[in-house]
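Note sheet for the following structure.
Order of the sequence lines sets the chain letters (A, B, ...), proteins ahead of strands, with each chain counted from 1.
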There are 2 protein chains.
Amino acid sequence: MVLNFKRESQHINISMLEEIEILKGFLRESKLRLTPQRQTILEVFLEYDGHAEVEDLFLIIQERDPTIGIATVYRTMNLLVECGLARENVLSQGQKSFEKLYHQSHHDHLICTQCNKIVEFEHPLIEKYQLEVCRAHGFTLRQHKMEIYGICIDCQK
Amino acid sequence: MVLNFKRESQHINISMLEEIEILKGFLRESKLRLTPQRQTILEVFLEYDGHAEVEDLFLIIQERDPTIGIATVYRTMNLLVECGLARENVLSQGQKSFEKLYHQSHHDHLICTQCNKIVEFEHPLIEKYQLEVCRAHGFTLRQHKMEIYGICIDCQK
DNA sequence: TAATTAATAATAATGGTTCTCAATTTTAAA
DNA sequence: TTTAAAATTGAGAACCATTATTATTAATTA
């Protein structure tokens, strides 16, 4: 992949270039444009560690460019989901949170019901048996989500 | 368990008696009351097959007792979740759906992303490795949710 | 350049859920 | 009983995350 990107934003680092290219490609195919707003939002999202809610991202984005409205953040996050860079999770209170998908190792979630901490894990055998279940039911697997709810070690004390 | 229940509603059948006792017990402990409204809502929920949204339940409830308001349905469904008779799922559009928990064999979900069909399945080894993951991270397992998204056999044609 | 198309910020609208409140019912106490 | 306290209700208002609308601006194309 050729990455000839004008490094006009001080926030872009090497590891983001590929993601920016992915968004660019997706936008081009959809006859959409990579605007400064969209790029800023992608950058902030990529820098954000963990599961991001729109409100969290919006606060950071406003520091960087106070003219960007929250509707644009929503619109752009939906684009990031469409092009496969982000995944949307629905929280129990009704909002959504977004996590990075590209260049992230696949993982599932352990969620503490007391302190809401999220621990990511991976188990190859669980993955394997998921495939088995899909085959048995004639499903073509696209994605999965596994959430284990419990009490974390800190909250047990 | 002693089940001496006045069978005043024609909708109660034997298999519901235990659930009604569970709700009763929970309400008693919480110093709350088993009202006719709450019982009607529980009955309709227990008769409902599959994942129920409040709006679905409300339509059926209104046929049975048009005076029951939707706020009461919401309040009661939250009670059913608290006492362990129901589980709440958050749908991607933001609403909630409820599924029965008591006397239901545990199962996970295969969800078709085209037609939204939900197929329930169970895999003992997946359960086993979940426990293993919890132990490894010091979590006390309370509950889990596994959703596999894909294209069902009918939608592949 | 002009014409077309896309994107934006601000704001209004949406819709599922919860809250408020006055009225009613149930329970417990006197 | 009678009375007081507590719980529950339906109706509708409020909430709030998200989406749609709109007038305006920016980018692209002819």
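A/Tyr149 belongs to a hydrophobic cluster whose remaining members, ordered by chain and number, are A/Ile111, A/Ile118; membership requires side-chain heavy atoms of ILVMFWY residues under 4.5 Å apart, directly or through intermediates. In the hydrophobic clustering, A/Val133 connects to A/Leu110, A/Val119, A/Phe121, A/Leu125, A/Ile126, A/Tyr129, A/Leu131, A/Phe139, A/Leu141, A/Met146, A/Ile148, B/Leu110, B/Val119, B/Phe121, B/Leu125, B/Ile126, B/Tyr129, B/Leu131, B/Val133, B/Phe139, B/Leu141, B/Met146, B/Ile148, either directly or through intervening members, whenever side-chain heavy atoms lie under 4.5 Å apart.
Put simply, B/Thr35 has no side-chain N or O that comes within less than 4.0 Å of OP1 or OP2 on C/dT26.
Between B/Ser30 and B/Thr67, the one whose closest nucleotide on DNA chain D sits nearer the 5' end is B/Ser30. Ranked by how close their nearest DNA chain C nucleotide is to the 5' end, A/Thr72 and B/Ala71 are led by A/Thr72.
Taking the centre of each ring, B/His144 and B/His106 come in below the 6.0 Å mark.
A heavy atom lying under 4.0 Å from DNA chain C marks the following residues of residues 74-86 of chain B, by number: B/Tyr74, B/Arg75, B/Asn78.
Straight-line distance from the CD atom of A/Glu55 to the C1' atom of D/dA17: 9 Å, rounded to whole Å. In this entry the distance linking NZ of B/Lys31 with P of C/dT25 reads 24 Å, nearest Å. In this structure, the CG atom of B/Asp56 is 16 Å from the C1' atom of C/dT17, given to the nearest Å. Taking atom CZ on B/Phe98 and atom P on C/dG16, their separation rounds to 13 Å, with Å as the unit. Rounded to an integer number of Å, the gap from CD1 of A/Ile41 to P of C/dA9 is 8 Å. Atom CG in A/Leu91 sits about 19 Å away from atom P in C/dG16, given to the nearest Å. Atom CZ in B/Arg28 sits roughly 14 Å away from atom P in D/dT8 (whole-Å rounding). A/Leu34 has its CG atom 10 Å from the P atom of C/dT8, to the nearest Å.
Classification of B/Arg64 and B/Glu47 as a salt-bridged pair holds, one side-chain N sitting under 4.0 Å from a carboxylate O.
Every residue two or more places apart in sequence or in another chain that forms a side-chain contact (heavy atoms from CB on, under 4.5 Å) with A/Arg75 is listed here: A/Ala71, A/Thr72. Residues passing the side-chain contact (heavy atoms from CB on, under 4.5 Å) test with A/Glu53, sequence neighbours excluded: A/Asp56, A/Leu91, A/Gln95, A/Ser97. Applying the side-chain contact (heavy atoms from CB on, under 4.5 Å) criterion to A/Glu82, with sequence neighbours excluded, gives A/Phe26, A/Leu79. B/Glu132 meets the salt bridge (Lys or Arg N to Asp or Glu O under 4.0 Å) test with no other residue; sequence neighbours excluded.
Distance from the side chain of B/Lys96 is smallest for C/dT17 among the nucleotides C/dA6, D/dA11, C/dT17. Closest to the side chain of A/Val54, out of D/dT18, C/dA7, C/dA9, is D/dT18.
Within the nucleic acid shown, A/Ile70 has no heavy atom closer than 4.0 Å to any nucleic acid atom. Backbone-only contact: B/Gln37 has heavy atoms under 4.0 Å from sugar-phosphate atoms and none from a base.
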Protein-nucleic acid N or O pairs under 3.5 Å, nucleotides 25-30 of chain D:
none

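For the ring pair (Phe, Tyr, Trp, His ring centres under 6.0 Å) condition, the pairs that include at least one residue of residues 38-91 of chain A, sequence neighbours left out, are A/His51-A/His109.
B/Met77 is listed as a side-chain neighbour of B/Ile41, based on a closest heavy-atom distance under 4.5 Å.
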